Amino acid sequence: MPAGIVGALMSVVGGRLYDDKGVRFPIITGANLMAAELITFACLSQQMSDLVISLVYIIYMTGMGMSIGAIMTNALASLKPDFSAQGNAFLNTIQQFAGAIGTSLTSAIVAPSQAKYGSKGPRPTASAPSTPLFSWP
């Protein structure tokens with residue numbers, strides 16, 4: 001919940017930066033924050049405490065909140081006014097679809113580890129699957 005609140009607050013900051021400095025600054029700043037968080041998780045996730053994971057996730061949501069509004073506003077600004085409703089519906093549909101695919105892929109990656117090691121505790125979830133998810137003929 002703290003990360004969601006920070007993300008919502010940062011969307012206001014991102015909107016203000018979009019108005020003051022243009023589209024590039026909030027998007028690049030947000031993308032850099034998200035990249036820093038992902039690199040931190042990739043390199044240090046096994047050594048992080050729950051509090052540190054929460055704090056690092058707040059950094060991710062800071063970048064997401066700062067950039068996603070600017071991205072959507074800039075994309076919709078390129079449309080003719082007659083198509084803004086369709087463009088908004090399209091972006092929202094794509095966002096929901098991408099979230100569903102991301103959740104499915106995450107489940108497909110985590111499930112083999114949990115099946116092999118049992119689903120008790122965080123270690124099976126953090127472990128990489130030892131068997132390939134997909135086999136090619």
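Atom set for the values below is all heavy atoms of this structure, side chains included, hydrogens, waters and symmetry mates excluded. Counting begins at 1 with the first residue of the sequence. Note that the structure is a prediction, hence the values are computed from the model and not measured.
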Counting only heavy atoms not in Phe90 (residues, nucleotides, ligands), do more than 12 fall under 6.0 Å from its CZ? no
What distance do Ile71 atom CD1 and Ile27 atom CD1 have between them, rounded to the nearest 0.5 Å? 4.5 Å
So CE of Met61 and CE of Met64: to nearest 0.5 Å the spacing works out to 6.5 Å
In short, Ser11 meets Ala8 closest at the heavy-atom pair OG-O, 2.5 Å
If hydrophobic clusters are built by linking Ile, Leu, Val, Met, Phe, Trp and Tyr wherever their side-chain heavy atoms come under 4.5 Å apart, do Tyr60 and Phe41 end up in the same one? no
Grouping I, L, V, M, F, W and Y whenever their side-chain heavy atoms are under 4.5 Å apart, do Met1 and Met10 come out in a common cluster? no
Counting only heavy atoms not in Asp50, do more than 12 sit closer than 6.0 Å to its CG atom? no
If you measure from CD1 on Ile58 to CD1 on Ile53, what distance do you get to the nearest 0.5 Å? 12.5 Å
Restricting to side-chain contact (heavy atoms from CB on, under 4.5 Å), what partner residues turn up for Tyr18, sequence neighbours left out? Val23, Pro26, Ala70, Thr73, Asn74
Is there a side-chain contact between Arg16 and Val12 (heavy atoms, below 4.5 Å)? no
What one should report as the nearest heavy-atom pair of Met66 and Thr29 is SD-CG2, 3.5 Å
Distance in Å, Ile28 CD1 paired with Leu33 CG, rounded so as to fall on 0.5 Å steps: 12.5 Å
Roughly how far apart are Ile59 CD1 and Met34 CE, rounded to 0.5 Å? 13.0 Å
Applying side-chain hydrogen bond (donor to acceptor under 3.5 Å, both in side chains) to Asp19 and not counting sequence neighbours gives none
Under 3.5 Å: donor-acceptor pair, side chain of Asn92, backbone of Asn88: yes
Should Leu79 and Ile94 be counted in the same cluster of Ile, Leu, Val, Met, Phe, Trp and Tyr side chains packed under 4.5 Å apart? no
So is Lys80 actually on top of Phe83's ring, under 6.0 Å and inside 45° of the axis? no
One should read off an interatomic distance between Cys43 SG and Met48 CE, to the nearest 0.5 angstrom, of 9.0 Å
